[in-house]
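Each chain gets a letter, A, B and so on, in the order its sequence line appears, and its residues count up from 1. No experiment lies behind these values; they were computed from the predicted model shown.
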There are 2 protein chains.
Amino acid sequence: MTAHEQGVRSDSVRATADASSEQQQSRETVEVPAARARAREIPEAAVARLAVYLRVLSGLADQEMTTVSSEELAAAAGVNSAKLRKDLSYIGSYGTRGVGYEVAVLIGQIERTLGLTRKHSVAVVGIGNLGHALANYGGFPGRGFPVSALFDLDPDLMGVPVGGIPVDHIDDIVEVCAEREVTIGAIATPTKGAQDVCDRLVEAGVRCILNFAPVVLQVPDEVEVRKVDLAVEMQILSFHVARRGSETTEDVDSGGAENDTGGDVAGSPAASRHMSAGAAPVDGMVVRP
Amino acid sequence: MTAHEQGVRSDSVRATADASSEQQQSRETVEVPAARARAREIPEAAVARLAVYLRVLSGLADQEMTTVSSEELAAAAGVNSAKLRKDLSYIGSYGTRGVGYEVAVLIGQIERTLGLTRKHSVAVVGIGNLGHALANYGGFPGRGFPVSALFDLDPDLMGVPVGGIPVDHIDDIVEVCAEREVTIGAIATPTKGAQDVCDRLVEAGVRCILNFAPVVLQVPDEVEVRKVDLAVEMQILSFHVARRGSETTEDVDSGGAENDTGGDVAGSPAASRHMSAGAAPVDGMVVRP
DNA sequence: CCCTGTGAAACACTTCACAGCC
DNA sequence: GGCTGTGAAGTGTTTCACAGGG
């Protein structure tokens, strides 16, 4: 799922929004030689699971377990064993037939594959509730991702240490990030400031962005963006609930007009306090016309 | 990859019976046209994107835009137009050839499909930094997902209003959730308490869970779990950085993997790949209760 | 023409099932 | 016998490209 896909034009700067420059290739099959050439590629889906296996393995290591079978590891990770073996096969053959895998070896190999042998300094932009949570996340469950810079707009926060690191002003993103060699930027600002922050991070040389703001960021091709969108997650859950209710064919029209829409007035007015850059809000979503 | 396979194994038995990879479809009516036959099935991947389209559409509506073409909407959502049209076709034909889609109509149809015409009360468990962020999300994404219950273990928090709602004790999850008709539970507790909290939510009748704790929850088949794991997201980013840096991996022999990661398929110029099967998963984060 | 809707082809990911080694 | 590693089959998703309505 999720979903990610940020297509974009690489115009150095944002926006343009449309610029629909789709180029259609015309007739004749175009052919994509690429297909097979993809030799040693690890499927994107497998990469995501490797990270999960790593965490499970760390837990096993803590329990002094030294070896584990694909069946056990798979159960703990919530996937089926064939898939797990296939995933592990992408990084090499480190198991022993008839026995299983050595926990320590597997941990080392997965870390190497994921590039965790290297340190990745993280910068968090937008120190609201979510930003605080990120900053305090501290080292992280698998060490390797120290948060080394925090940014916000609120003058009252400047210099204030959060999770041990003083907050800097957003205007200093470029220099501070360059100086501290930040490689990953986490955007936890409100929607409106996200693209601007993103542009600055890119300008500072950050090529990996974790975006919590509910907006599709426009970035150059060399920048990798992963989005974490709570509203989307909830809506997906909503879809499944709805579907479950009427498993019987014939959906259309789930029931008269059950609308309650109007209600909700209460919403939560108080909500937006002055947290300069609050957590990533999610908007969008309206209720029937 | 949604979290479908979380938890419980259920196969383990099977094998011979139908395993006969043979074509069992023989003519005869009924049976196994499964894949195809399943009428109104909307691909999981498409559901995740519909939520994104919905948000973009809301933004267009706010700008008083009344119609939009697949090209425009696709660009704004970061996907290619063919995919967008295909996605929309799963929910019906609401466009006008030669013109485009009417924003208001599309919004209504997507909301209906995602089951947003119904209200989903959310319960947040674990009121640490993340829990606060979730509670303050305000009415949440716009409206539609009101947070109606908060839980924690800390005695000092009992009764304290966060985002307008008083915190209750975790021991009261079952009764409070049942009473307030909670349909979605968000677990923002530390790892160790997550499974227990999950069990209580399930006991309370909650069938949709959004899990922020870095642990694989075990749940009955009828419960849908989506995981948001920050560590996993960061590790995926790390993988891409590593890969980018040295196109030449030295691991187990590398062949000439050739090619940059970016390039990607011909066809559309912009648009990066990415998207594993699941939607955007995300990760964990622990906050203390 | 412009733009949607969609079958069909291409590609990606998952599952099966079994050969091979301990 | 138990378990890994992997070709091959199966299933899901994306892209192509074009029919057809306005």
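A salt bridge is defined here as a Lys NZ or Arg NE, NH1 or NH2 lying under 4.0 Å from an Asp or Glu carboxylate O, and A:Glu41 with B:Arg243 meets this definition. Ion pairing of A:Glu111 with A:Arg118 is absent here, as no side-chain N (NZ or NE/NH1/NH2) approaches a carboxylate O to less than 4.0 Å.
Rounded to whole Å, the distance from CZ on A:Arg97 to P on D:dT6 is 7 Å. Rounded to an integer number of Å, the gap from A:Tyr90 OH to D:dG5 P is 13 Å. Distance, B:Glu72 CD to C:dC2 P: 14 Å, rounded to whole Å. When rounded to the nearest whole Å, the span between CG of A:Asp87 and C1' of C:dT15 equals 12 Å. Regarding A:Lys86, its NZ atom lies at a distance of 13 Å from the C1' atom of D:dG10, rounded to whole Å. Atom CD of A:Glu102 is separated from atom C1' of C:dC22 by 15 Å (rounded to the nearest Å). Between A:Arg85 atom CZ and C:dC16 atom C1' there is a gap of 10 Å when expressed in whole angstrom units. Between the C1' atom of D:dT13 and the CD atom of A:Glu44 lies a distance of 15 Å, rounded to the nearest Å.
OP1 or OP2 of D:dG5 sits under 4.0 Å from a side-chain N or O of A:Tyr101. The phosphate of C:dT15 has OP1 or OP2 within less than 4.0 Å of a side-chain N or O from A:Lys83. OP1 or OP2 of C:dC3 has not a single side-chain nitrogen or oxygen of B:Ser70 nearer than 4.0 Å. For B:Asn80, a side-chain nitrogen or oxygen approaches OP1 or OP2 of D:dT15 to under 4.0 Å.
Comparing B:Leu88 and A:Gly98 against DNA chain C, the residue whose closest nucleotide sits nearer the 5' end is B:Leu88. Each of A:Ala82 and A:Val99 has a nearest nucleotide on DNA chain D; the 5'-most of these lies closest to A:Val99.
Few gaps surround CD on B:Glu222; more than 12 heavy atoms of other groups in view lie less than 6.0 Å from it.
Using modelled atom types and a 3.5 Å distance limit, the side chains of B:Thr117 and B:Arg112 yield no donor-acceptor pair. Checking B:Glu44 against A:His240 by side-chain atom types alone, a donor-acceptor pair falls below 3.5 Å.
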